[in-house]
Amino acid sequence: MFRGSIPPLPTPFRQGRVDEEALRRLVERAIRGGSHGISVGGTTGEPGTQTLEERKRVLEIALDQAAGRVPVIPGTGALRLEETLELTRFAKEAGAQGAMVIVPYYLKPNQEGLYRYFAEVAKAVPDFPILLYNIPGRAGVEIAPKTVARLRRDFPQVVGLKHSSKDLEYLSQLFQEAGRDFLVFCGLESLTLPMMSLGAVGTIAATANWLPGEVARLTELALAGDYAGARELHYHLLEANEAIFWDTNPIPLKTVLSWMGLLQKEWRLPLGPTTPEVEERLRAMARRYRLLEEA
Ligand SMILES: O=C(O)C1=N[C@H](C(=O)O)C[C@H](O)C1
């Protein structure tokens, strides 16, 4: 099953349209850099400002470029259940290895509502692996460990969860409730090592778009139980991990990738460019990690 570093790719735009060539470049760079999988349509991919057709096309390109070399796990969640079902069914039919489905944002559903929502998703795609995506800072609500455990019990295809939160207590409770073999991925870059020490099997971290080899290696060391080695990389990656959030993700990420010649410095409103001060700090950070030497 899934393990290691699975970078959530940004969606490159050129003059407002999805830049398919640049997307292929990102997929290729992530795989050649040693990533163990790739994800599109995560938060980093700006799915909320794309049409369903665009989201499907992004997935098709990623699958085509990955060509079976690593698992492709797209984000397929949307605010409306019908859209989530459509995208998740599409992901399965298109050949993705699983789907990551975000806790529906903005509406602040209760736990019974969340259970029923994810139950509908699971029923729509029997046998297709589902990773729940817990991101309370953006969704406004958290899926409780007991709800996750209930989903796993009733739908064994709910194989894991991506945890984008600083709450480590949640993680321990989750393993207690859902089982230690539940596939948890860290979704907050600088907590990859702490979460893996508690039992997470990898990370879905935007930093891996800058430094795929280092992030992949950190997860490999942690999976092998070499925490001293993983700790070295944890501190090595610390500034890059923090830099991802110097402005709203994926603004810093795309800014630096544009300097690396990998995509245009473009996103969709309401995301806007960062300040000159942040750009200056990003440039210094990128130099320290030798990212600009690739351009
Ligand atoms: O795109 C993702 O998946 C991630 N998004 C998180 C966020 O933007 O809050 C952070 C992490 O990089 C993974």
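We count ligands from 1, going down the list as the structure has it; atoms in each ligand are counted the same way.
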Cation over ring face, Lys162 and Phe185, 6.0 Å, 45°: no
Atom pairs, nitrogen or oxygen, ligand 1 to protein, under 3.5 angstrom:
unit_1: ligand 1; atom_1: 1 (O); unit_2: Thr43; atom_2: N; d: 3.0
unit_1: ligand 1; atom_1: 1 (O); unit_2: Thr44; atom_2: N; d: 2.6
unit_1: ligand 1; atom_1: 1 (O); unit_2: Thr44; atom_2: OG1; d: 2.6
unit_1: ligand 1; atom_1: 3 (O); unit_2: Lys162; atom_2: NZ; d: 2.2
unit_1: ligand 1; atom_1: 5 (N); unit_2: Tyr133; atom_2: OH; d: 3.4
unit_1: ligand 1; atom_1: 8 (O); unit_2: Arg138; atom_2: NH2; d: 3.0
unit_1: ligand 1; atom_1: 8 (O); unit_2: Asn249; atom_2: ND2; d: 2.6
unit_1: ligand 1; atom_1: 9 (O); unit_2: Arg138; atom_2: NE; d: 3.1
unit_1: ligand 1; atom_1: 12 (O); unit_2: Glu189; atom_2: OE1; d: 3.0
unit_1: ligand 1; atom_1: 12 (O); unit_2: Glu189; atom_2: OE2; d: 2.7
unit_1: ligand 1; atom_1: 12 (O); unit_2: Ala206; atom_2: N; d: 3.1

Name each donor-acceptor pair under 3.5 Å that joins a side chain in residues 279-288 to protein atoms two or more places apart or in another chain, with its distance.
unit_1: Glu279; atom_1: OE2; unit_2: Lys265; atom_2: NZ; d: 2.7
unit_1: Arg288; atom_1: NE; unit_2: Glu239; atom_2: OE1; d: 3.0
unit_1: Arg288; atom_1: NH2; unit_2: Glu239; atom_2: OE2; d: 2.6

Row check, Tyr115 ring normal vs Arg150 NZ/CZ: under 6.0 Å, within 45°: yes
Donor-acceptor pairs under 3.5 Å, side chain of residues 28-35 to any protein atom, not counting sequence neighbours: which ones?
unit_1: Glu28; atom_1: OE1; unit_2: Gln65; atom_2: NE2; d: 2.8
unit_1: Glu28; atom_1: OE1; unit_2: Arg69; atom_2: NH2; d: 2.8
unit_1: Glu28; atom_1: OE2; unit_2: Arg32; atom_2: NE; d: 2.7
unit_1: Glu28; atom_1: OE2; unit_2: Arg32; atom_2: NH2; d: 3.2
unit_1: Glu28; atom_1: OE2; unit_2: Arg69; atom_2: NH1; d: 3.0
unit_1: Arg29; atom_1: NE; unit_2: Glu294; atom_2: OE1; d: 2.9
unit_1: Arg29; atom_1: NH1; unit_2: Asn209; atom_2: O; d: 2.6
unit_1: Arg29; atom_1: NH2; unit_2: Trp210; atom_2: O; d: 3.0
unit_1: Arg29; atom_1: NH2; unit_2: Glu294; atom_2: OE2; d: 2.8
unit_1: Ser35; atom_1: OG; unit_2: Ala30; atom_2: O; d: 2.8

No-hydrogen, no-angle side-chain donor-acceptor test under 3.5 Å, Thr274 and Asp247: yes
Contacts of Thr219 that satisfy side-chain hydrogen bond (donor to acceptor under 3.5 Å, both in side chains) - sequence neighbours left out: none
